[in-house]
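In listed order, ligands and their atoms are each counted from 1. No hydrogens, no waters, no symmetry mates; every other heavy atom, side chains included, goes into these values.
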Amino acid sequence: HYRCRSAFKLLEIDDKLCVLRPGFSVLDCGAAPGAWSQVAVQRVNALDAAVPTGFVLGVDLLRISPLEGAVFLSETDVAEPSTLRAIQSLLPLGKADVILSDMAPNATGIKELDHQKLISLCLGLLDMSQSILKPKGTMLCKFWDGSEARLLQNRLKEQFQDVRTIKPQASRKDSAESYYLARLYRGK
Ligand code: SAM
């Protein structure tokens, strides 16, 4: 009943590393078609009246079909400067405990170019985290391996106490995708 198989990657990561907890506010970047948001809604308790109740906000360039327990900003570019204010206005108190990014630019087939585009998206998100991520917060972001991965990792290490690289079993073996899980945001 998940909208996309990608759900199993987040389930696997969360089962192992407890990224999502009841009551957390989550920003899900590149959320379409909505499978990660489905997982997040369950794990943060966004639907239940039970306390603590979490919150899920998904953003994507594409349209996302409504999902109970989640709020979506469809047809919205995370990299667009005006998006920050829209996100802040929708998050409870303007802040998130966790930023998820499964974003992927349209692949050109030129590996190095696709890699760089995705790294830029992640770096942009890291800039945005300054305004919306709570101290001690978490960022989980997908990247494609390549020459600039180390640069992103180093930037994450400057801003988070704990940064690790994850390659979920559920990721296809032939794909160059991995995730950085950055925890304990140092904040400002
Ligand atoms: N995690 C999603 C799920 O489980 O349903 C799948 C995400 S899919 C692999 C990647 C998404 O990133 C695409 O829907 C794409 O439109 C989105 N995306 C790429 N660049 C983006 C940007 N600049 N802003 C917002 N979304 C973006």
J.: Within the structure, does Pro105 bring an N/O atom to less than 3.5 angstrom of an N/O atom in ligand 1?
T.: no

J.: Between Glu112 and Ser147, do the side chains contain a donor N or O and an acceptor N or O under 3.5 Å apart?
T.: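 Ser147 vs Glu112: donor-acceptor pair found between side chains.
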
J.: Just to be sure I read this right, does ligand 1 sit under 4.0 Å from the backbone of Ala31, its side chain, both, or neither, counting only heavy atoms?
T.: backbone

J.: If you count the atoms of ligand 1 from 1 in the order shown, which ones are under 4.0 Å from a heavy atom of Lys142?
T.: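 Reading through ligand 1 atom by atom, the close ones are 9 (C).
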
J.: Looking only at protein heavy atoms, which one is nearest to atom 8 (S) of ligand 1, and what is the separation?
T.: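 Answer for atom 8 (S) of ligand 1: Ala32 O, 3.8 Å.
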
J.: Out of Leu10, Asp28, Leu61, whose heavy atom is nearest to atom 27 (C) of ligand 1?
T.: Leu61

J.: How close does the nearest protein non-hydrogen atom get to atom 13 (C) of ligand 1, and which residue and atom is it?
T.: Asp60 OD2, 3.5 Å

J.: Taking distance alone, with N or O pairs closer than 3.5 Å, would you say Leu121 contacts ligand 1?
T.: no

J.: Looking only at side chains, do Asn45 and Thr53 share a donor and an acceptor under 3.5 Å apart?
T.: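 No pair is found: no donor N or O on one side chain lies under 3.5 Å from an acceptor on the other.
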
J.: Short list, please: which atoms of ligand 1 are under 4.0 Å from a heavy atom of Asp77?
T.: 22 (C), 23 (N), 24 (N)

J.: Testing the 3.5 Å rule here: is there a donor-acceptor pair between the side chains of Gln88 and Arg85?
T.: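 Side-chain D/A pair, Gln88 to Arg85: absent.
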
J.: Decide whether the shortest distance between a heavy atom of Thr76 and an atom of ligand 1 is less than 4.0 Å.
T.: yes

